[in-house]
Amino acid sequence: MSVRKRRLGNAPRSVLPVGLGCMGLSWAYERSTDEAAGIDLIRRAIDLGVDHLDTADVYGPFTNESLVGRAIEGRRDRVVLATKVGLVLEDEATYRYGRDGRPERIREACDGSLERLGVDVIDLYYLHRIDPKVPVEETWGAMAGLVAAGKVRWLGISEASVAELEGVSRVHPVTAVQSELSLWTRDYLTEVVPWCAAQGASFVAFSPLGRGFLTGAISADTRFESSDFRATLPRFRAEAVAENQRIVERIRLLAGRRGATPAQIALAWVLAQGAHVLAIPGTQRLRYLEENVAAAGIELTPQEIAELDALPAPVGGRY
Ligand SMILES: NC(=O)c1ccc[n+]([C@@H]2O[C@H](COP(=O)([O-])OP(=O)(O)OC[C@H]3O[C@@H](n4cnc5c(N)ncnc54)[C@H](OP(=O)(O)O)[C@@H]3O)[C@@H](O)[C@H]2O)c1
């Protein structure tokens, strides 16, 4: 693959700009694939050269890690394996979850993740959300202990502010910050993305396709099953989806001019936010996977970036 790899934060590893978010293969979204197909997709991704897989203990819960574990058997050394800790599902039907950042829970959860993934060491271990009941430095200290114990290689954190990042990095370096970044979610561009660049950390953009919306696949007529996480999100209510079509229409126009798909333009814009930015789109389809990986080869012109920067803000909050 001719796409240039990007450094994974302070780690002595580089990865392709586009990795694979595995969540949707067993959780959150309507599934067209069964478990065997999910395993097959991950294996095909690795064979294509995808070298960064993202999961979490809460996805499923637990089943997504097991799926990834089975998929990487015999291929483990070809990927940077990232998982997360700190969220606990409280109600499956409504996706309500709590946060648990107690050091003892972190240590116990890590052992569970290692077992499900079938590995001796997790490459990138993220704190999924900060638990307001526990000082984040304490949680992070427990995670640093896992690095010292050889169970984890590098640490990351999801949805943290610069103040929180400063606090944890005094305890142990931050290799990656994973937060939402896409054409319709730009909150972290002002402070956190520049902080990562200055500190030599990677910024890993989750939901870079706006949970599928920015690809143009979702219209006001789309009906989500009640088990689909998007049914709980304000931006995916029918009225908001109808309003937000004006964002997709403009992405589609630009994509047409470039001979690319809207998904590829959305990913190319994310990757244009800095050489330290990585994207982990999720998909259940090989065709989309290939398309997403190829998006790393699309270099947008300054005019195209300005055009995308000027897209209207979305209607509806992200959670
Ligand atoms: N840290 C966190 O708190 C957090 C939160 C959310 C997600 N994440 C991570 O980020 C990863 C990606 O996020 P996400 O899955 O929420 O959203 P996403 O990557 O923005 O969007 C995924 C959706 O886009 C569709 N899609 C993918 N490629 C496409 C293409 N080329 N053309 C048309 N449609 C396409 C997928 O459809 P199909 O499934 O039908 O292929 C799926 O519905 C997750 O897997 C997870 O690892 C982390």
Side-chain angles (χ1 to χ4, degrees), residues 18-34 37-38 41-42 44-45 50 52-60 64-65 67-68 80-87 89 95 97 99 124-130 156-160 176-185 187-188 192 203-219 222 224-225 228-233 235-236 248 251-252 255 260-270 278-296 298 314 318-319:
V18 176
L20 177 63
C22 297
M23 176 180 81
L25 293 172
S26 34
W27 202 52
Y29 306 143
E30 275 163 41
R31 270 175 301 287
S32 52
T33 53
D34 59 15
L41 184 96
I42 295 172
R44 282 163 175 264
V50 171
H52 176 193
L53 302 179
D54 189 81
T55 179
D57 61 357
V58 77
Y59 300 159
N64 195 238
E65 283 188 334
L67 181 102
V68 171
V80 163
L81 184 58
T83 190
K84 317 184 194 76
V85 64
L87 283 180
L89 193 66
Y95 287 97
Y97 34 74
R99 303 176 180 201
L124 182 54
Y125 201 39
Y126 288 101
L127 178 58
H128 209 157
R129 290 291 184 278
I130 294 167
I157 186 165
S158 191
E159 303 248 304
V177 178
Q178 181 179 133
S179 295
E180 187 167 351
L181 173 65
S182 70
L183 282 167
W184 74 350
T185 302
D187 315 51
Y188 291 104
V192 174
F203 182 93
V204 178
F206 80 68
S207 302
L209 299 171
R211 302 181 187 274
F213 183 81
L214 300 168
T215 71
I218 293 166
S219 74
T222 306
F224 296 108
E225 285 176 14
D228 191 307
F229 180 54
R230 289 169 294 194
T232 70
L233 302 176
R235 269 181 205 177
F236 286 91
V248 175
I251 303 170
R252 214 180 256 132
T261 67
Q264 289 181 314
I265 295 300
L267 289 172
W269 178 87
V270 165
L278 305 171
I280 47 165
T283 181
Q284 305 174 54
R285 295 160 225 257
L286 187 61
R287 180 165 67 85
Y288 288 171
L289 180 84
E290 288 170 344
E291 200 178 300
N292 297 346
V293 168
I298 298 176
R318 71 190 180 101
Y319 281 113

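One-based numbering, in listed order, for ligands and for the atoms of each. Only heavy atoms go into these numbers, but all of them, side chains included; no hydrogens, no water, no symmetry mates.
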Original post:
So, do Ile42 and Leu67 sit near enough that their side-chain heavy atoms are less than 4.5 Å apart?
Top reply: yes
Original post:
Side chain, backbone, both or neither: which part of Tyr29 comes within less than 4.0 Å of ligand 1 when only heavy atoms are counted?
Top reply: side chain
Subject >> Nearest-0.5 Å distance that lies between atom OG in Ser182 and atom CZ in Phe206 >> reply: 9.5 Å
Subject >> Geometric class of the Phe236/Phe213 ring pair [parallel <30°, tilted 30-60°, perpendicular >60°] >> reply: perpendicular
Original post:
So is Glu180 in contact with ligand 1, going by heavy-atom distances below 4.0 Å?
Top reply: no
Original post:
Is there a donor-acceptor contact under 3.5 Å linking the side chains of Ser207 and Glu180?
Top reply: no
Original post:
Taking non-hydrogen atoms only, is Ser207 closer than 4.0 angstrom to ligand 1 via side chain, backbone, both or neither?
Top reply: both
**OP:** Compute the ring centroids of Phe229 and Tyr29, then answer whether they are less than 6.0 Å apart.
**Re:** no
**OP:** Name the closest protein heavy atom to atom 28 (N) of ligand 1, giving the residue it belongs to and the distance to 0.1 Å.
**Re:** Asn292 ND2, 3.0 Å
Original post:
Looking only at heavy atoms, is any part of Ala28 under 4.0 Å from ligand 1, and if so is it the side chain, the backbone, or both, or is it neither?
Top reply: neither
Subject >> Centroid-centroid under 6.0 Å between Tyr59 and His128 rings >> reply: yes
Original post:
Got Val293 and Val50 here, is their nearest side-chain heavy-atom distance under 4.5 Å?
Top reply: yes
Original post:
For ligand 1, which atoms sit closer than 4.0 Å to a heavy atom of His128?
Top reply: 1 (N), 2 (C), 3 (O)
**OP:** Decide side chain to side chain contact (heavy atoms under 4.5 Å, CB included) for Leu20 and Ile280; before the verdict, give the C-alpha distance in whole Å, the side-chain angles of both, and the deciding distance to 0.1 Å.
**Re:** CA-CA 5 Å; Leu20 177 63; Ile280 47 165; over 6 Å; no
**OP:** If you have a sec, work out which protein heavy atom is nearest atom 40 (O) of ligand 1 and how many Å separate them, to one decimal?
**Re:** Arg285 NH2, 2.6 Å
Original post:
At what distance is the nearest protein heavy atom to atom 43 (O) of ligand 1, and which residue and atom is it?
Top reply: Arg230 NH1, 3.5 Å
Subject >> Heavy-atom nearest option to atom 24 (O) of ligand 1, drawn from Ser179, Ala294, Ala266, Gly212 >> reply: Gly212
**OP:** For atom 27 (C) of ligand 1, grab the closest protein heavy atom and report residue, atom and distance to one decimal in Å.
**Re:** Gly282 O, 3.1 Å
Subject >> Residue and atom name of the nearest protein heavy atom (relative to atom 6 (C) of ligand 1), distance in Å to one decimal >> reply: Phe206 CD1, 3.3 Å
Original post:
Under a heavy-atom criterion of less than 4.0 Å, does Tyr59 contact ligand 1?
Top reply: yes
**OP:** Report the nearest protein non-hydrogen atom to atom 3 (O) of ligand 1: residue, atom name, distance rounded to 0.1 Å.
**Re:** Arg129 NH1, 2.9 Å
Original post:
Tell me: protein heavy atom nearest atom 20 (O) of ligand 1, and distance?
Top reply: Leu209 N, 2.7 Å
Original post:
For ligand 1, which atoms have a heavy atom of Pro208 less than 4.0 angstrom away?
Top reply: 19 (O), 20 (O)
**OP:** State the atoms of ligand 1, each with its element, that fall below the 4.0 Å cut-off from a heavy-atom position in Lys84.
**Re:** 1 (N)
Original post:
Can you tell me how far CG of Asp57 sits from OH of Tyr125, rounded to the nearest 0.5 angstrom?
Top reply: 6.0 Å
Original post:
Considering only heavy atoms, does Gln264 approach ligand 1 within less than 4.0 Å through its side chain, its backbone, both, or neither?
Top reply: neither
**OP:** Tell me which protein heavy atom sits closest to atom 11 (C) of ligand 1, plus the residue, atom name and distance to 0.1 Å.
**Re:** Ile280 O, 3.1 Å
